[in-house]
Each structure stands twice: as structure tokens, then as C-alpha cells.
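Everything below concerns the one structure shown next.
Note that the structure is a prediction, hence the values are computed from the model and not measured.
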Amino acid sequence: MSEMQLTKRRLLGGIAIAAAAAALAACNDSKDAADASSSGKTMADGTNVDTIETAATSATTDMPQSDGDVDMAEVLKPGALPEMALGKADAPVKIVEYMSMTCPHCAHFHNTTFDAIKQKYVDTGKVQFIIREFPFDPRAAAAFMLARCSAANPGQLSTPEQYFPMVSMLFKQQQVWAAADDGRAALLQMSKLAGFTEDSFTKCLTNQKLLDEVNATRERGSKDFGVNATPTFLINGKRYSGDMPVDTMSKLIDSLI
């Protein structure tokens, strides 16, 4: 994995991303992003694990089993970056999702489940939904950085109103940029759709402090809350790993309201 041995000081070059002091735990640069037609999770070693065999069985899936307990009071404490949260702060159900932008199962969740859950539970005040960065590879880290940067002023952090649409666009177009031979060019093309120029794109991706903060978010999830796969959901004190269809997540949320 020589491509993963990137220097700390450079963020552009090769596939256009550098590692922080603690290198990203990655097994590839995400050129082989899988087809996320089935539900599952991506492990830290890059392995894709299917957790739901067929679409027919997913609708009748029993209550998802948690991987363990987490201290939700600790989970909800702010980290290195401002929280990207949707919904009421006093909502009875708190969902914190750790995800990687190059994870096909994360894309599947956001492309097929997230909007329905948002409309049904977040917009009605029942759920607060928080996204946290857990990049498995440099290309995912770069995508997160672009979502975190204000396109008009890359020295400033984006707002949730800017962040969530950027994440949504990148997930919908994941195969275009995550599997591209030239990751820099593909991400630049995507970023221009969000208002970036080549100059603001470069300034964002050479912000070492931001990269360090994205990495710190990942390390906190791994060290403090046992996150080792994406997507992982921390929900009212329980940890769940793997993609969930709408019916499964709805059943879980309904049990907590």
C-alpha cells in the first residue's frame, strides 16, 4: 500500500491527499468502491460485509442487535469539529452516525434510507441526527474536508445547511469520484458543482488543521466508542453497525419513543 504512505505536510499530489501525523487506516485508495446494492457494512480493513441477505427479508427483519453499549452523555460531547446535526437538540432519540465517504454501504444508507428517516422522525422532532467523519482512506478524508469547507471561503467551516447537501451529492455520485483513476480531478469536478473554484478546492485540501480534526474525529470514534466499521450508529446508548433499511431503523426508533 505504498500509495497510503503519504507525507504529513502535503495534501495534493498523487490522488491529491496527505495523511496526518497518525496515518489513516486504509487498505486502498477507494478506486474499488463496491456496488452497494445490498445492505451491510465496511470494516476498517476495507472488507465489505453483507448483513441483510435480500431486499425481501429486509422488510421483515427483527429488531437490529446492538454491538454493545456506549455512554451517550460522552458520545454527545463536542469533539474536534462542530457537530453536523439535524433536528431538535431535545429530541428523545439521538442518532450519531460514523461514516466514510468512500464506503458503499454508507452511500446506500444515505441514498435509500436517510431522507425517509429525516422526514418521518427528524423533521417531526422525534430524532436528532448527527454525522461524524470516519474516513477509511485519503480520498474519503478529502471528501469530508470539502464538505467541511465553505466553498466561498475555504478558510471557514461550512454550516450544516452547506454540509449535508454536499455529503448527499458526493454519496449520490460516489462511483464517479471514489472509483476514478484520477481522484483529484474527479473530486474537483464534483466540488465545482458545489461552488468551489480550483483555488478554493486546493486551499481546502491543504488545510492541515482541518485534516487533523477530521482524523481526530475518526480516532475518537474508534478509541472511545468502539467504532470499527461503517456505517456505525450510536443510538440512545447502543452501538449498531451496518446499513439499515427504512423499516428496520423505523422499528428501532419507534421502540425508543
Side-chain angles (χ1 to χ4, degrees), residues 36 38-41 51-52 55-79 81-101 103-134 144 147-148 157-174 194 217 221 225 227 229-257:
S38 62
S39 298
K41 59 188 176 182
T51 58
I52 297 174
T57 62
S58 68
T60 56
T61 299
D62 291 335
M63 190 76 70
Q65 298 297 307
S66 76
D67 297 335
D69 297 334
V70 292
D71 184 341
M72 210 62 188
E74 289 297 317
V75 169
L76 294 174
K77 289 181 179 178
L81 287 164
E83 293 284 36
M84 285 299 161
L86 293 175
K88 295 171 60 178
D90 61 353
V93 179
K94 310 284 189 182
I95 300 177
V96 177
E97 180 193 3
Y98 281 90
M99 66 183 193
S100 178
M101 290 303 305
C103 161
H105 301 298
C106 300
H108 186 259
F109 173 80
H110 278 268
N111 293 338
T112 64
T113 299
F114 179 75
D115 285 345
I117 294 299
K118 179 180 179 296
Q119 182 177 4
K120 187 175 181 181
Y121 296 104
V122 177
D123 294 345
T124 57
K126 298 174 183 177
V127 167
Q128 184 186 43
F129 201 106
I130 298 169
I131 286 178
R132 288 187 185 159
E133 294 86 353
F134 201 87
F144 276 130
R148 282 284 183 176
L157 293 177
S158 62
T159 65
E161 291 75 19
Q162 296 167 323
Y163 182 88
F164 279 90
M166 182 69 167
V167 165
S168 177
M169 179 189 72
L170 289 172
F171 272 142
K172 285 181 171 63
Q173 299 296 323
Q174 188 186 71
T217 300
F225 309 126
V227 178
T230 58
T232 289
F233 303 94
L234 309 181
I235 306 176
N236 282 27
K238 299 288 185 180
R239 184 178 60 246
Y240 302 87
S241 63
D243 184 11
M244 292 189 207
V246 175
D247 289 347
T248 300
M249 182 165 275
S250 293
K251 183 180 290 188
L252 177 57
I253 294 171
D254 288 342
S255 74
L256 299 171
I257 297 175

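The closest side-chain donor-acceptor pair between Ser168 and Lys172 falls under 3.5 angstrom.
Here the side chain of Gln119 pairs no donor or acceptor atom with the backbone of Ala116 at under 3.5 angstrom.
In this structure, CE on Met63 lies 8.5 Å from CG on Asp254, to the nearest 0.5 angstrom. Atom SG of Cys103 and atom CD of Gln174 lie 7.0 Å apart (nearest 0.5 Å). Interatomic distance, OH of Tyr240 versus CD of Gln65, reported as 8.0 Å (0.5 Å rounding). For the atom pair CG (Asn236) and CE (Met72), the distance works out to 6.0 Å, reported to the nearest 0.5 Å. Distance check: Phe144 CZ to Met166 CE gives 12.0 Å after rounding to the nearest 0.5 Å.
Contact check for Ser158 versus Met84: side-chain heavy atoms found under the 4.5 Å cut-off.
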Check your understanding: Stepwise, does the side chain to side chain contact (heavy atoms under 4.5 Å, CB included) test hold for Met101 with Val167?
Key -> CA-CA 8 Å; Met101 290 303 305; Val167 165; 4.1 Å; yes

Check your understanding: How far apart are the C-alpha atoms of Arg132 and Val75, what are their side-chain angles, what is the distance that settles it, and do they pass the side chain to side chain contact (heavy atoms under 4.5 Å, CB included) test?
Key -> CA-CA 11 Å; Arg132 288 187 185 159; Val75 169; 3.9 Å; yes

Point to revise | Verdict with reasoning, Leu252 to Met244, per side chain to side chain contact (heavy atoms under 4.5 Å, CB included) | key: CA-CA 10 Å; Leu252 177 57; Met244 292 189 207; 4.1 Å; yes

Exercise for review: Go through Lys238 and Asp69 one step at a time and tell me if the salt bridge (charged side-chain N to carboxylate O under 4.0 Å, His left out) criterion holds.
Suggested key: CA-CA 5 Å; Lys238 299 288 185 180; Asp69 297 334; 2.6 Å; yes

Review point. Are His105 and Thr230 close enough, and set up right, to give a side chain to side chain contact (heavy atoms under 4.5 Å, CB included), and what steps lead you there?
Key: CA-CA 7 Å; His105 301 298; Thr230 58; over 6 Å; no

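Taking Glu161 as the reference, nothing meets the salt bridge (charged side-chain N to carboxylate O under 4.0 Å, His left out) condition, with sequence neighbours excluded. Legend: residues meeting salt bridge (charged side-chain N to carboxylate O under 4.0 Å, His left out) with Asp115, ordered by chain and number and at least two apart, are absent. Legend: residues meeting salt bridge (charged side-chain N to carboxylate O under 4.0 Å, His left out) with Lys118, ordered by chain and number and at least two apart, are Asp123.
Of all heavy-atom pairs between Ser250 and Lys120, the closest is OG-NZ, 3.5 Å. Across all their heavy atoms, Leu234 and Val70 have their closest contact at CD2-CG1, 4.2 Å.
In this structure, the ring of Tyr98 has its center no less than 6.0 angstrom from the ring center of Phe233.
Using cut-offs of 30° and 60° on the angle between ring planes, the pair Phe114 and Phe164 is parallel.
For Arg148 and Tyr163, the positive end sits near the middle of the six-membered ring, less than 6.0 Å away and at most 45° from its axis.
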